[in-house]
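Contents: one structure, followed by commentary.
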Protein chains: 2
Amino acid sequence: MTEKTEKTPARRAKPRGTYHHGDLRRAVLDAATALIRERGSEAFTLREAARLVGVDHAAVYRHFEDKRALLAVVAEEGFVAIAGRIRDEMAGLPETSVLERLKALASAYVGFALDNPAHFRVMLGPRLNEDGRFPSLESAIEGAVTLLLDEVRRGRRLGLLRDARTRDMAMTVWTAAHGYASLALLGRIKHGDSVRAAAYLEVVVAPVLAGLQR
Amino acid sequence: MTEKTEKTPARRAKPRGTYHHGDLRRAVLDAATALIRERGSEAFTLREAARLVGVDHAAVYRHFEDKRALLAVVAEEGFVAIAGRIRDEMAGLPETSVLERLKALASAYVGFALDNPAHFRVMLGPRLNEDGRFPSLESAIEGAVTLLLDEVRRGRRLGLLRDARTRDMAMTVWTAAHGYASLALLGRIKHGDSVRAAAYLEVVVAPVLAGLQR
DNA sequence: ACCTGAACACCGTTCAAGT
DNA sequence: ACCTGAACACCGTTCAAGT
């Protein structure tokens, strides 16, 4: 779809019989991410990603054990991106404004989901990691969760939050952000475009933060 | 699964060349639900469901437009089941104990998800209804949501809840229950078995209900 | 070391043909 | 009216063979 600037059929995307030079692994990942974004997470196909890169579909198996392994990396990169976005959105806020910062965290989480719905679905749809394969996916998730735990911990230390366990309160926040994101992707947040859906998050999440306050 | 009372292999399930007598539509739905439960939602296959019933796979198309249509009915029946479970779990509680009833509602929602993880995934994974097909799926969802809205409405009337919009507070509760269920299915609720995961819901959801109180 | 080509055992969907 | 059988255009995965 992308490289057909001429009437060239997909089989000429690979330049005259030579190998794919450079980082095929990276190229496949980018193609996969792009396809998932355009066609949706369930329609994604290994063969189409290979076609897009201009390589035989079997070549993908040199770099990924199977389709699930590829998707696990896509998911992992999503969690890294979410963590980055959370850091960005919290960056301007003073460390003492814990409630504001938690709101920003939730907003970053939901914002990523609304901007990258299919990618988010890959991250949280299939039980990619049910058998403990993909430890680096686990680490990426932990990376994002750590931001949340740190925030709640400081909130407790500053006496801004209830006297409950840090992990429990963190789960309450994650639950709210994740639930909102999921329901939004399912079209259950009846607030038109994603801009308004992002704004409505504040309304829905306000009682949750209120309930967490001391 | 249903009619294999003996050790009969799948291909002999259809009695000697005759048509499937009775409700093939219902039989396919039951087979689909069973397969989804056993093999997981993404591994589910039209052809395998047909095989299980003992019918040619093309016969399924007499009763369902396509695979998505079949899954939409499975999803719909899931929402009907959830609504029933919610009614059951709230049945013993007095109408004035709105907070208790909301807790029971959330617990029923999460309980269904934990007991039927693959079924729940079908209900909320793929964007089955993105294009407004399947209006009866929409109705089934609305049926469950109505139970929630009624509860919040009564809570407001009794002066037990904040003075906020009914729909907004209902979304807060749904968001919490749905987020908890989703995270639990993803293995992010670190509380061993599903029995303990159900109990931990109370801990996570307590601040939310507290935040909704007047 | 990395990729190709062909093969295998599956899919979902369609359609003429049977009863 | 309802189902079968064969066909079509796809999949994911494997493996000998090429460079």
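The structure presented is a predicted model; accordingly, all values stated were derived computationally and were not measured. Reckoned from all heavy atoms, side chains included, excluding hydrogens, waters and symmetry mates. Throughout, protein chains are lettered first and strands after them, A, B, ... in sequence-line order, and every chain is numbered starting at 1.
- Nucleotide D/dA1: paired with C/dT19 (Watson-Crick or G-U wobble, both distances less than 3.5 Å).
- With rounding to whole Å, B/Glu65 atom CD is found 14 Å from C/dG12 atom C1'.
- Taking atom CD of A/Glu42 as the reference point, atom P of C/dG12 lies 14 Å away to the nearest angstrom.
- Sequence order on DNA chain C of the closest nucleotides to B/Asp66 and B/Arg62 puts B/Asp66 first from the 5' end.
- The separation between A/Arg51 atom CZ and C/dC3 atom P is 18 Å, rounded to whole Å.
- Using N1 to N3 plus N6-O4 or O6-N4 for Watson-Crick, or N1-O2 and O6-N3 for G-U wobble, each under 3.5 Å, D/dA6 pairs with C/dT14.
- The listed nucleotides are C/dG5, C/dC3, C/dC11; the one nearest the side chain of A/Ala58 is C/dG5.
- Taking only side-chain nitrogens and oxygens, A/Thr45 never comes nearer than 4.0 Å to OP1 or OP2 of D/dC10.
- Distances shown here put every side-chain N or O of A/His57 at or beyond 4.0 Å from the OP1 or OP2 atom of C/dC3.
- Ring orientation note: the planes of A/Tyr180 and A/Tyr200 are tilted relative to one another, at an angle of 30° to 60°.
- Remark: C1' of D/dC11 and CZ of B/Arg47 are 12 Å apart, rounded to the nearest angstrom.
- Residue B/Arg39 places its CZ atom among 12 or fewer non-hydrogen atoms of other residues, nucleotides or ligands, all under 6.0 Å distant.
- Remark: the B/His63 side chain and the B/Arg25 side chain contain no N/O donor-acceptor pair separated by less than 3.5 Å.
- Using a 30° and 60° split on the angle between ring planes, B/Tyr109 and B/Trp174 fall in the perpendicular class, above 60°.
- The interatomic distance linking A/Asp56 (CG) with C/dA7 (C1') rounds to 12 Å, in whole Å.
- The distance from atom CG of B/Leu46 to atom C1' of C/dC11 is 9 Å, rounded to the nearest whole Å.
- In this entry the distance linking OH of A/Tyr61 with P of C/dG5 reads 17 Å, nearest Å.
- Put simply, CZ on B/Arg68 is 14 Å from C1' on C/dG12, counting in whole angstrom units.
- Between D/dT13, C/dC3, C/dG12, one nucleotide has an atom nearer to the side chain of A/Leu24 than all others, and that is C/dC3.
- Side-chain contact between A/Phe44 and A/Leu71 is present, with heavy atoms from C-beta onward closer than 4.5 Å.
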